[in-house]
Amino acid sequence: MKKIIYVLLCFTAFNTACKKASTGDEPISPVTPPINTELPAGAKDGVAFINNGTSAIVTLYAPGKTSISIIGDFNDWSTSASVMKKTSDGNTWWIQIDNLNPNSEYAYQFYVDGKLKVADPYCEKILDPDNDKYISAAVYSNLKAYPSGKTTGIVSVMQANQPQYAWKNNSFTRPDKNNLVIYELLIRDFTTEHTYASTLAKLDYLIGLGINTIELMPVNEFEGNLSWGYNPSFYFAADKYYGTKTALQNFIDECHGKGIAVIMDMVLNHSFGQSPMVQLYFDGSKPTSNSPWFNVDAKHPYNVGYDFNHESAATKKFSKDVIKFWMQQYKVDGFRFDLSKGFTQKTSTDDAGMSAYDASRIAIWKEYNSYIKSIDPNNFYVILEHFADATEEKVLADDGMMLWNNINYNMNEATMGWLGNSNFQWGFYANHGFSKSENLVTYGESHDEERLNFKNITYGNASGSYVIKGNLATSLKREEIAAAFLFAIPGPKMVWQFGELGYDVNIDFNGRTGEKPIRWEYFADPNRKALYDAYAKFIRLKKNNSIFNSTSATYNLAGGVKYIKLIEGSNTVIVVGNFDVVSQPANVDFGSSGTWIDAVGNNISLPSNNYTATLAPGEYHIFSKTALK
């Protein structure tokens, strides 16, 4: 896990945001003391429209504040015209705005204690004076103009009669967890247009590959445009750099129509300085001790931005509101929770301390998982990027959650032909103490890891005429043998975008989180297309043959010749291959003699139980007693 990299993302943007939010272009206006009164019927966090959209009740949870006004298009941005009332407990501020046009968009902010202007944390759309100008009409048409000269900082947008998406696929059945083949995807670096629509245009490519789930890296509003998305600021607003709300809904709907689930990457460990929740309780360098949501100082060493306190009732409510919103408004099929190990109030200074068994963290995650199940009990995917003590992960798995499982380092050592640390048996769920393979999402590549083929080409081993380093054809064949083993390991799997084409651009190209070259021309390269075809075959075998989820698995992945043996009923599958750079003898107990069918080569006839052969470097086979589908 390398989340520490995000510290480079947007602290400059944060400081700018705070300065702009706290510095108005007009003198501070006197504010009438608020009236203590309870919330009216129909009010909710953010905006609730009433009277057929001609009125709106707007609320803000802001305990301890002295005065709050709402400013916006509806009152010419006056800081004194619309003073908000507060509830008797002093926690929530509200106001009713009348005489609205239900078909119009209204920009607005909160003016807090005569000095701070912030957007609505619950708004579904924002206007950003610094970054929206780089969003073209082709990506987001008819984007409302920023109210220049009226205010500063990010503003919220509300509209009663928003464009409504008409869902077409309302009976989608999610793939079984064990059969998930997830494609992790960053919209920004997948197509040059970087839109939901342009990504949707590539759906046939993904269908051909055989994946049945897309995991979108964060798509809620984050700081700037050119980001991985792990610097979030507004949790209910889809980021406009990728398109409109309805375009995202259509993307998910069309995926469902093709049998593909959609998982959203959710970042609730931290938020960044553009967030109004951070700005509301901030001393100029970090959150204040009276913040309802954030710790003054992060509790763990991997934090970036500002650390949520998930033992706070306010944080739990906010997180559940966010979760419910995306489940209901966008019909996502699951969440991959970023840095889930950070949902702790135990202070640690190193990974060992942070990873240690944490009963309070377990309780937090069980509560969130239970809440998700209460909304949608139908095989909704809860995936944690946890990497904590195995005993803790087992408790979470037993509760039905799924855990990210990174075998990148060991698998990449194998593909490079360096065998000393090439044992990737951590891919097997039993080694984690799990009772079911469906709870372990194993991958050789993710957004966070160096690309396998970059290291093959840069650092690969060699012997005589067999050379991995600098040799594209050989390095791609090394990817192929690794994929054969990856998809043979029981349980859900994940592929990072273009890994199936041997993408070989350094992860640090243009800065770690910077834009990467989009190489669709790879698909026209016969060697790279051969790797894609191999992936497609392995994925098809996994999905079509239940033996690849067998609970009876033995293996030896330590040496140059590695094998996996799966048994289900009368059938046995054995994947065997040579990861060395020289020929090596294989001697594997197949369990029975007779004819064995090779899914990637020629059938063999064994006179005994033992398979003996000399395998060339990179050679592999997928043998079975019964033909695979």
Output yes when K529 and D533 qualify as a salt bridge under the 4.0 Å nitrogen-oxygen rule, no when they do not. yes
Going by an N to O cut-off under 4.0 Å, is there a salt bridge joining D398 and K366? no
Measure from the ring center of [X] to the ring center of [Y] and say whether it is less than 6.0 Å.
| X | Y | value |
| --- | --- | --- |
| H386 | W404 | no |
| Y165 | W167 | yes |
| F579 | F485 | yes |
| F498 | W520 | yes |
| Y459 | W418 | no |

Hits for ring-ring contact (aromatic ring centres under 6.0 Å, His included) against Y563, two or more places apart or cross-chain, chain-then-number order -> none
Would the distance check show the side chain of [X] and the main-chain N or O of [Y] forming a donor-acceptor pair, the cut-off being under 3.5 Å?
| X | Y | answer |
| --- | --- | --- |
| Y532 | L209 | yes |
| N379 | P175 | yes |
| E619 | A616 | yes |
| E385 | L339 | yes |
| N571 | K625 | yes |

From [X] atom [atom1] to [Y] atom [atom2], the distance as rounded to the nearest 0.5 Å:
| X | Y | atom1 | atom2 | value |
| --- | --- | --- | --- | --- |
| Q328 | I323 | CD | CD1 | 12.0 Å |
| L557 | K562 | CG | NZ | 6.0 Å |
| E184 | I182 | CD | CD1 | 9.0 Å |
| T191 | L185 | OG1 | CG | 8.5 Å |
| F343 | I362 | CZ | CD1 | 14.5 Å |

Would you say the side-chain atoms of [X] and [Y] include a donor-acceptor pair closer than 3.5 Å?
| X | Y | answer |
| --- | --- | --- |
| T244 | T246 | yes |
| D399 | N369 | yes |
| Y522 | D504 | yes |
| Y620 | E480 | yes |
| Y242 | H194 | no |
| S552 | E568 | no |

Show your working on side-chain hydrogen bond (donor to acceptor under 3.5 Å, both in side chains) between Y429 and E438 and close with a plain yes or no. CA-CA 8 Å; Y429 70 97; E438 70 178 26; over 6 Å; no
Ignoring hydrogens, what is the shortest heavy-atom contact between [X] and [Y]? Give both atom names and the distance.
| X | Y | result |
| --- | --- | --- |
| A238 | L248 | CB-CD2, 4.2 Å |
| P517 | V505 | CD-CG1, 3.9 Å |
| S437 | P492 | O-CD, 3.3 Å |
| T415 | A482 | CG2-CB, 3.5 Å |

Is any side-chain heavy atom of [X] closer than 4.5 Å to a side-chain heavy atom of [Y]?
| X | Y | result |
| --- | --- | --- |
| Q497 | L186 | yes |
| T612 | L606 | no |
| L472 | I457 | yes |
| I539 | K537 | no |
| I604 | T595 | no |
| S340 | N269 | no |
| Y183 | V181 | no |
| R188 | D239 | no |

Would you check, one step at a time, whether the test side-chain hydrogen bond (donor to acceptor under 3.5 Å, both in side chains) holds for N179 with N212? CA-CA 8 Å; N179 259 0; N212 55 21; over 6 Å; no
Begin from the C-alpha positions of N453 and N456 and carry the test side-chain hydrogen bond (donor to acceptor under 3.5 Å, both in side chains) through to its verdict. CA-CA 5 Å; N453 209 37; N456 289 349; 3.2 Å; yes
List the steps and the verdict of side-chain contact (heavy atoms from CB on, under 4.5 Å) for V600 and D598. CA-CA 5 Å; V600 293; D598 189 356; 3.3 Å; yes
Looking at [X], I want to see if its [atom1] is surrounded by more than 12 non-hydrogen atoms of other residues, nucleotides or ligands under 6.0 Å.
| X | atom1 | result |
| --- | --- | --- |
| K542 | NZ | yes |
| K168 | NZ | yes |
| N170 | CG | yes |
| K394 | NZ | yes |
| K324 | NZ | no |
| K436 | NZ | no |

Pair N545-F548, side-chain contact (heavy atoms from CB on, under 4.5 Å): steps then yes or no: CA-CA 6 Å; N545 299 276; F548 287 101; 3.9 Å; yes
Among F590, F623, Y611, which residue satisfies the ring-ring contact (aromatic ring centres under 6.0 Å, His included) criterion with W596? F590
Any cation-pi pair here, R451 with Y503, using under 6.0 Å and within 45°? no
Mutual orientation of the aromatic rings belonging to Y555 and F428 [parallel < 30°, tilted 30-60°, perpendicular > 60°]: parallel
How are the rings of F523 and Y205 set relative to one another: parallel (under 30°), tilted (30 to 60°) or perpendicular (over 60°)? perpendicular
Step-by-step side-chain contact (heavy atoms from CB on, under 4.5 Å) determination, S446 to N406: CA-CA 8 Å; S446 76; N406 179 8; 6.0 Å; no
Quick test of your reading: applying side-chain hydrogen bond (donor to acceptor under 3.5 Å, both in side chains), list the pairs with at least one residue in residues 256-268, sequence neighbours left out, ordered by first then second residue. Y230-D265, H256-D333, D265-R336
Report the C-alpha separation of Y466 and N461 in whole Å, then their side-chain angles, then the decisive distance to 0.1 Å, and conclude whether the side-chain contact (heavy atoms from CB on, under 4.5 Å) test is met. CA-CA 9 Å; Y466 187 85; N461 198 358; over 6 Å; no
Salt bridge (charged side-chain N to carboxylate O under 4.0 Å, His left out) between D389 and K341, intermediate numbers included: CA-CA 10 Å; D389 186 271; K341 187 168 60 177; over 6 Å; no
